[in-house]
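In what follows, chains are A, B, ... by sequence order, proteins preceding strands, each numbered from 1.
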Number of protein chains: 2
Amino acid sequence: MSPRRVTLADVAKAAGVSRPTASLVLSGRGRELRISQDVEQRVLRAADELQYRPNIVSVGLRTGSTRTIGFVSDTVATSRLAGDMIKGALEAARERGVMLFIGETEGDPELERLLLQAMHDRQVDGLILASMFTRTIKVPKGVTAAPAVLLNALPKQPGTLPAVIPDEIEAGRLAARVLLDAGHREGIYVIGAGPGMRNVPPDTVAGVERLRGIREALGEAGVKLAGGRLCEDWQPEYGLTETRELLRTRRPRALICFNDRIAMGAYQALDDAGLKVPQDVSVVSFDDHPIASWIRPKLTTVALPHYELGRKAVDVLFDEIGRDQPDPGRKGEVHRVTMPLRTRESVAPPHTGGSAG
Amino acid sequence: MSPRRVTLADVAKAAGVSRPTASLVLSGRGRELRISQDVEQRVLRAADELQYRPNIVSVGLRTGSTRTIGFVSDTVATSRLAGDMIKGALEAARERGVMLFIGETEGDPELERLLLQAMHDRQVDGLILASMFTRTIKVPKGVTAAPAVLLNALPKQPGTLPAVIPDEIEAGRLAARVLLDAGHREGIYVIGAGPGMRNVPPDTVAGVERLRGIREALGEAGVKLAGGRLCEDWQPEYGLTETRELLRTRRPRALICFNDRIAMGAYQALDDAGLKVPQDVSVVSFDDHPIASWIRPKLTTVALPHYELGRKAVDVLFDEIGRDQPDPGRKGEVHRVTMPLRTRESVAPPHTGGSAG
DNA sequence: CCCAATTGCTAAATCGGGTTAGCGCCCGAT
DNA sequence: ATCGGGCGCTAACCCGATTTAGCAATTGGG
């Protein structure tokens with residue numbers, strides 16, 4: 001089928017030198033080891049003419065480095081967000097000439113074990129352990145064989161592994177500030193979690209930190225959260241029912257939804273109640289899911305920087321790989337990636353619409 | 001850091017035999033080569049106790065098979081659909097003990113070349129070339145070095161590579177049949193392409209084949225398409241404007257939208273016009289994007305079987321790898337994967353609502 | 001003119017495992 | 001006693017690179 005790969009031996013023969021000589025020239029160490037200009041040129045020409053490319057499998061065997069890293073996540077399919085994270089990692093890896101193995105655990109520890117094993121069997125240089133929504137995870141035993149980084153996750157035992165997560169606290173502050181800047185002071189409700197710090201879905205870092213940021217920013221402005229409703233799951237249907245429930249007794253001026261899918265449900269509930277966004281009710285949200293710009297009016301939301309998270313994870317991983325002896329001091333550093341605001345059409349000053357509050 | 005991997009030599013020493021003997025036992029060829037029960041047991045016990053795992057890099061170097069395949073796509077981030085395709089491929093690969101390299105070309109031929117090169121440098125056993133929407137592509141030169149399969153794409157020159165694509169023609173028939181079965185005979189419009197076979201976005205297999213299927217199924221039932229509007233891009237905003245445009249002059253009883261995003265736009269236009277789905281207008285669509293079950297009423301749609309496509313591609317690839325001499329007859333076979341109907345709430349018989357047509 | 005120090009390259013070992021040829025040993029047959 | 005043959009295992013080479021040690025040839029100094 002294919003006309004056998006060109007090997008280093010072929011290049012050496014074509015250049016009339018030995019294999020090691022060719023190797024030295026091609027690895028750039030020819031100079032320091034005093035290979036003559038003449039030989040160097042011959043080797044380089046031969047390599048070029050034969051289109052020689054080193055076999056990375058062989059190099060991997062010899063040197064231990066396969067120029068390959070593993071990306072293990074709990075799910076790849078959840079949403080486009082996952083794809084963006086992989087995309088970021090992919091591009092950062094490509095810039096370093098490194099390839100990515102992808103694996104999915106489905107949350108099954110046994111699958112995870114097998115997957116990590118399979119990656120180590122292939123001598124990966126490092127591992128990225130990714131979660132598709134931010135949370136704390138128990139670091140599996142198998143990761144210690146190679147440098148590793150947590151992505152969108154925090155270790156249950158802090159300090160064991162470096163982690164890269166979105167800066168959710170600042171995101172919460174930002175969402176609150178958007179409303180404050182628009183002039184809102186009253187009738188601000190949260191949908192998805194809260195209003196108290198205890199009313200949060202379990203194990204979600206995002207819930208806790210977004211809420212904390214929101215409360216901090218409002219508090220600093222002397223504004224109090226008017227109320228909030230916890231959603232069992234952050235899906236449109238729950239946003240719909242909880243918002244509908246809220247509207248039975250209250251008349252909000254602004255909603256902070258804990259993600260865009262909840263916001264989508266909230267839109268439906270507001271529409272059913274005859275309330276216009278943003279004239280009657282302003283809505284801010286989190287994630288910047290594609291639907292945020294599909295629903296009308298387009299949703300102002302604080303974006304999860306999935307692409308950047310993926311890139312950053314690779315950066316941190318290579319720091320880790322580069323560092324020979326594990327420096328115990330900065331072992332488990334947590335890197336927070338800024339969540340940018342996407343300003344669209346769902347926020348307006350209060351009292352714009354006809355009916356007063 | 002890590003306590004050096006256990007090698008075959010370690011196992012052999014622990015069992016008190018030579019390396020080749022251990023290798024023979026562990027590769028299952030012990031029997032045919034008459035290794036004694038005693039030695040066999042010792043080797044197996046040693047391997048088990050030491051937790052020996054063969055180094056696949058080394059095996060790859062010797063045997064040429066790295067138990068690794070490459071998945072190269074134009075974009076991974078487009079949508080969750082891409083993720084499902086990868087997920088299907090991932091699971092099928094895992095069942096075979098094979099790992100997946102992921103790469104993204106962004107449609108850039110140079111990037112594609114480098115990526116294929118990088119994969120070949122790592123001695124992949126085969127390649128899957130995936131497109132994130134169905135279309136015909138020019139097969140890049142670099143793929144010939146290993147078995148390859150096109151996924152969600154057809155080769156510009158038929159017969160060069162096997163391909164796996166969704167059965168869009170049958171999907172078109174199915175969508176039409178849903179309306180026919182509900183009793184619709186008149187006022188059926190298409191949004192996204194058509195009504196004529198020439199009114200189709202360029203290079204999209206889906207556009208051509210869905211439309212053909214729709215026209216065939218309607219034709220067989222003696223029903224004529226009442227009209228249609230081509231969308232420049234299959235996004236919600238175009239669905240919105242084209243449907244709005246249609247409603248200015250016509251009063252449709254049923255819409256076949258060419259995908260769910262268009263359908264979402266169509267919903268908005270129908271809502272603006274005061275028309276209820278499905279009482280006034282039935283809507284069928286394609287893709288089964290997540291939003292299909294988020295919008296109200298939930299959208300009946302013919303699903304792109306992304307997960308199955310991914311699995312099938314791996315199956316076909318392994319057929320290809322297994323086949324030693326390329327059988328020229330069935331070289332470029334096209335495998336069509338059935339698109340299943342997701343029946344939801346957007347289709348009803350005509351004349352159900354108050355106002356007669 | 002001889003010894004030492006460069007200079008310029010290669011032989012050989014290595015990584016971890018797979019594969020082939022063949023070496024001793026014990027047995028029975030001649 | 002000798003030969004032939006099956007049995008059970010191992011020596012040796014291979015994959016494609018890197019790396020260390022060291023061999024010739026040249027040059028320089030005394």
Student: With a 4.0 Å cut-off on heavy atoms, is A/Thr7 in touch with a base, just the backbone sugar-phosphate, or nothing at all?
Tutor: sugar-phosphate
Student: Where does the chain A footprint on DNA chain C start and end, counting 5' to 3' with a 4.0 Å heavy-atom cut-off?
Tutor: C/dT7 to C/dG16
Student: Assuming nearest nucleotide by heavy-atom distance, tell me which of A/Thr63 and B/Ser36 is located more 5' along DNA chain D.
Tutor: B/Ser36
Student: Looking at B/Ala9, is its backbone amide N or carbonyl O close enough to the side chain of B/Arg19 to form a donor-acceptor pair, meaning the two atoms are under 3.5 Å apart?
Tutor: no
Student: So for atom CZ, which belongs to B/Arg45, do other residues, nucleotides or ligands contribute more than 12 heavy atoms lying within a distance under 6.0 Å?
Tutor: no
Student: Quick one: which protein N/O atoms are closer than 3.5 Å to N/O atoms of nucleotides 5-7 of chain D? Pair and distance per line, please.
Tutor:
none

Student: Output the rounded distance in Å from NZ (A/Lys13) to C1' (D/dG16).
Tutor: 15 Å
Student: What is the distance, rounded to the nearest whole Å, between atom CD of B/Gln123 and atom P of D/dG16?
Tutor: 8 Å
Student: For the backbone of B/Thr7 and the side chain of B/Asp10, can you confirm whether one donor and one acceptor N or O come within less than 3.5 Å of each other?
Tutor: yes
Student: Checking all strands, does A/Pro20 fall into the base, sugar-phosphate, or nothing category for heavy-atom contacts under 4.0 angstrom?
Tutor: base
Student: Between A/Ser27 and B/Ile35, just flag the one whose closest nucleotide in DNA chain D comes earlier from the 5' side.
Tutor: B/Ile35
Student: Atom CD of B/Gln41 and atom P of D/dC9: how far apart are they, to the nearest Å?
Tutor: 13 Å
Student: Hey, which of these two, B/Ser58 or B/Leu24, hits DNA chain C nearer its 5' end, going by closest nucleotide?
Tutor: B/Ser58
Student: Taking the side chain of A/Asn55 as heavy atoms from C-beta outward, which of D/dT19, D/dT10, D/dA17 is closest to it?
Tutor: D/dA17
Student: Reckon A/Val39 touches a base, only the sugar-phosphate, or nothing at all at heavy-atom distances under 4.0 Å?
Tutor: sugar-phosphate
Student: Whether the side chain of A/Asn152 engages the backbone of A/Ser131 through a donor-acceptor N/O pair (distance < 3.5 Å, no angle test) should be reported.
Tutor: yes
Student: Could you check how far CG of A/Asp10 sits from C1' of D/dA17, rounded to whole Å?
Tutor: 13 Å
Student: Please classify the nucleic acid contact of A/Thr21 as base, sugar-phosphate, or nothing, using heavy-atom distances under 4.0 Å.
Tutor: base
Student: Name the nucleic acid region contacted by B/Leu61, choosing base, sugar-phosphate or nothing; use a 4.0 angstrom heavy-atom cut-off, strictly under.
Tutor: base
Student: How long is the line joining CZ of A/Arg53 and P of D/dA17, in whole Å?
Tutor: 11 Å
Student: Hey, do the aromatic rings of B/Phe71 and B/Phe101 have their centres closer than 6.0 Å?
Tutor: no
Student: Give a yes or no answer on whether the side chain of B/Asp74 reaches the backbone of B/Met132 with a donor-acceptor pair at less than 3.5 Å.
Tutor: yes
Student: State whether the side chain of B/Thr136 and the backbone N or O of B/Pro155 hold a donor-acceptor pair below 3.5 Å, judged by distance alone.
Tutor: no
Student: Determine yes or no for a side-chain-to-main-chain donor-acceptor pair under 3.5 angstrom, with A/Arg122 supplying the side chain and A/Ala118 the backbone.
Tutor: yes
Student: Counting only N and O atoms by type, is there a donor-acceptor contact under 3.5 Å from the side chain of B/Arg67 to the main-chain atoms of B/Val124?
Tutor: no
Student: Test your reading of the model: is there a side-chain donor-acceptor pair from A/Ser27 to the backbone of A/Ser23, 3.5 Å cut-off?
Tutor: yes
Student: Looking at D/dG16, I'd like to know if its phosphate oxygens (OP1 or OP2) sit under 4.0 Å from a side-chain N or O belonging to A/Tyr52.
Tutor: no
